[in-house]
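Reminder, nothing fancy here: chain letters follow the sequence lines and each chain counts from 1. Predicted, not measured: the structure shown is a model, and the values here were computed from it.
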There are 2 protein chains.
Amino acid sequence: MRSDAPSPAAPKTAADRPTLKTIADLSGFAVATVSRALAEDPKIAVATRRRVAEIARQIGYEPDRAARRLRTGRTMVINLILDPHFEVLGFGNALLIGLTTALEGSGYNLVVTPHFDDTDQLAPIRHIVVNRQADGVIFTRTAPFDSRVRFLMEHGFPFVSHGRTDFTEEHSWVDFDNEDFAYRGTLRLIEKGCRNVCAILPPRTLTFRQHLQYGFMRAVREFGVDTLVPESITLDTPADEIRDWACGILDGPNRPDGFLCPGEASYLAIRSACQKRGLVIGRDLRVVSKSISGVISQIDPDADTIQEDVEQAGRLMAQHLLTTLSEPSVRAPMTLQSAKPLFE
Amino acid sequence: MRSDAPSPAAPKTAADRPTLKTIADLSGFAVATVSRALAEDPKIAVATRRRVAEIARQIGYEPDRAARRLRTGRTMVINLILDPHFEVLGFGNALLIGLTTALEGSGYNLVVTPHFDDTDQLAPIRHIVVNRQADGVIFTRTAPFDSRVRFLMEHGFPFVSHGRTDFTEEHSWVDFDNEDFAYRGTLRLIEKGCRNVCAILPPRTLTFRQHLQYGFMRAVREFGVDTLVPESITLDTPADEIRDWACGILDGPNRPDGFLCPGEASYLAIRSACQKRGLVIGRDLRVVSKSISGVISQIDPDADTIQEDVEQAGRLMAQHLLTTLSEPSVRAPMTLQSAKPLFE
DNA sequence: GAAAAAAATTGAATCGTTATAACAACGCAA
DNA sequence: TTGCGTTGTTATAACGATTCAATTTTTTTC
């Protein structure tokens, strides 16, 4: 390593990064004093604190994350578990933007971990908890009795889930009011004259299927219209499969005249099927869809959509987690995002 | 916090996380020996290495990141700079998936940092370099004389950019062959009979504008067709502005009969304008677009698109960075992703 | 069988921070 | 003078890994 043998200049970056020792030497105080002064310890004289803070500011001191983490055990890391369905149009992006903006300036880093093996959802989380890789965890697509939630609660590990559970013990979550979305969306379909409405729902494993179903059923019961809830088709079904299925349905004897799509992908699939069958949405049948990225209204300007603000969800989740981390005793923060009124 | 007052059992998780000391005690070797054994130091007897490795495996030992980082200076972190235009449909997601999959099992963590202040692109990177927050950096939307690239090269800090620069000194990058895309896309338009083609280009600040322009101009010169390259409208222009502009153009005296859209958003905007003017893509005019998320072919099954594999770009960038990190002496890896042939 | 060489192991220092406990220096009461 | 609180400051010991420079053990050589 005789890299700087010939060249005299070129000071290696960050080789001379300031530490507490630097400030100690500069100020004349001991390292311990400097540390406590920067921590605003009341046992340190106010004059000293000011002096030290000033020097720290001048030389651009920033505490070493590794040293801190080693000493205190706090990682200053929040881990987002990226799951296989993250790729749903816009959802992941929006969430990420929300998370990072809310975390900005908090001192916490967001690390993103994938988990593509659906069979063992717990693995990445167990790894994080057991090996202390983060101070808190964030994940999506929560199940009624989610194994991740159970594990994290058992271990007293801070987390915020996107979506609720059916556990009795409280935990922090952020969720979109899917029941209200489904209720109002269905009402809308009925109001427009639909008498046979179809809802594409998430897989049975996910909690928000229940919510959507409740809202949907509540609306259809009130008005006594016919329904169709496919068994084999869910929000996670590949687009072309949904499309083909919808084509079949549209050809059938009693075809639905209204569709409720709790996701953009399913809307596009239905739309695709209509195209194939020469049907026009808004004339031959009605569709109400959730809107996340905004593509839908760009494609079909007068599509009936209800906006889910995923970026806000991200911000909320980050804020909730920060709260939980700073004051663990407080009640777990929970937020239900309301479905904004339909655009008319 | 008197949670475990009554219960005697309940071993606090990870409180007894195994360290080198644990293995040392269990095996009878010294901590130093264990450390070197796990590092497969040839000066340690093979039998010892095996013995130590076996114990480590049994008790599930995993080295402490903070301790390692403090001692060696290696953070084992790769930082992705999330920029304001990350939200472009699908791009960010795909990149993230690619990055995380390629990083899986490498020991590197991916931390995501936002940078919404377009005025100082350098700030987040300077912070990372000066404060040793990561071992390598990844970013997108590269400029011909990108300040980030210059800074990182000056400091000898490992990075991979998405997009090339005009610097003479080599550095690692991954880029889509936009020139070829533009060339072939334009040829396609001409082949379909277009005689007045319009290209929406990225802002002048970005390198890939040049590439697209070259390809575009090469094709139009070969066949001597008319062109329109808007000054005020770029890929970054908000969708509704592009739409309104396009409406104006379509109303004008010599309206283009072909559009080249190097992004999904611009395609949708053009499409939107056509809808407004009652024009049909594929009949009244032609559009060739880049496809990233796949929405386009879902909306318009017979749209002319050329696929950019962003997920692969992510994987490549991660691999390149890993290579650079493990053998810094090797020539900086660079990859030009070829535009796949048009689907016909 | 002793000296030299090679092989294997280890003690101690170090990275930058924080927490504990000890230590000065001071005034003030007894 | 002795003793006792205050009030600030500091020495020291961790946290868990790596690495240099010994040190011990084994093998080889004469």
Select base, sugar-phosphate, or nothing to describe what [X] touches, counting heavy atoms under 4.0 Å on all strands.
X	answer
T19(A)	sugar-phosphate
A30(B)	sugar-phosphate
T72(A)	sugar-phosphate
A32(A)	base

- Message: Once salt bridge (Lys or Arg N to Asp or Glu O under 4.0 Å) is applied, what residue pairs with a partner in residues 320-332 of chain A remain, sequence neighbours excluded?
- Response: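 Of all non-adjacent pairs touching residues 320-332 of chain A, those that pass salt bridge (Lys or Arg N to Asp or Glu O under 4.0 Å) are E170(A)-R331(A).
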- Intermediate values then yes/no, salt bridge (Lys or Arg N to Asp or Glu O under 4.0 Å), R17(A) and D64(A): CA-CA 10 Å; R17(A) 195 158 102 80; D64(A) 184 283; 2.9 Å; yes
- Kindly point out which of dA17(D), dT17(C), dT9(D) is positioned nearest to the side chain of I44(A)?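 Nearest listed nucleotide: dT9(D).
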- Message: From C-beta outward on F29(B), which listed nucleotide comes closest to its side chain: dG16(C), dT10(C), dT18(D)?
- Response: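 In terms of side-chain proximity for F29(B), the closest of dG16(C), dT10(C), dT18(D) is dT10(C).
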- Should D146(A) and R148(A) count as an ion pair when the cut-off is N to O under 4.0 Å?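 Result for this pair is yes, salt bridge flagged.
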- Message: Does the protein touch nucleotides 21-27 of chain D at the base, only the backbone, or not at all? Give it as B, S and - per nucleotide, heavy atoms under 4.0 Å.
- Response: B------
- Task: Look at the rings of F159(A) and F139(A) and say which category their plane angle falls in: under 30° parallel, 30 to 60° tilted, over 60° perpendicular.
- Result: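 F159(A) vs F139(A) ring planes: parallel.
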- What is the ring orientation for F167(A) with F145(A), classed by angle as parallel under 30°, tilted 30 to 60°, or perpendicular over 60°?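 Judged by the thresholds at 30° and 60°, the geometry between F167(A) and F145(A) is perpendicular.
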- Message: Please give me every residue in residues 46-62 of chain A whose heavy atoms get under 4.0 Å of an atom in DNA chain D, ordered by residue number.
- Response: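 Going residue by residue through residues 46-62 of chain A, the ones with a heavy atom under 4.0 Å of DNA chain D turn out to be T48(A).
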- Item | Contact nearer the 5' end of DNA chain C, comparing L70(B) with V31(B) |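 First, find each residue's nearest nucleotide; the 5'-ward one identifies V31(B).
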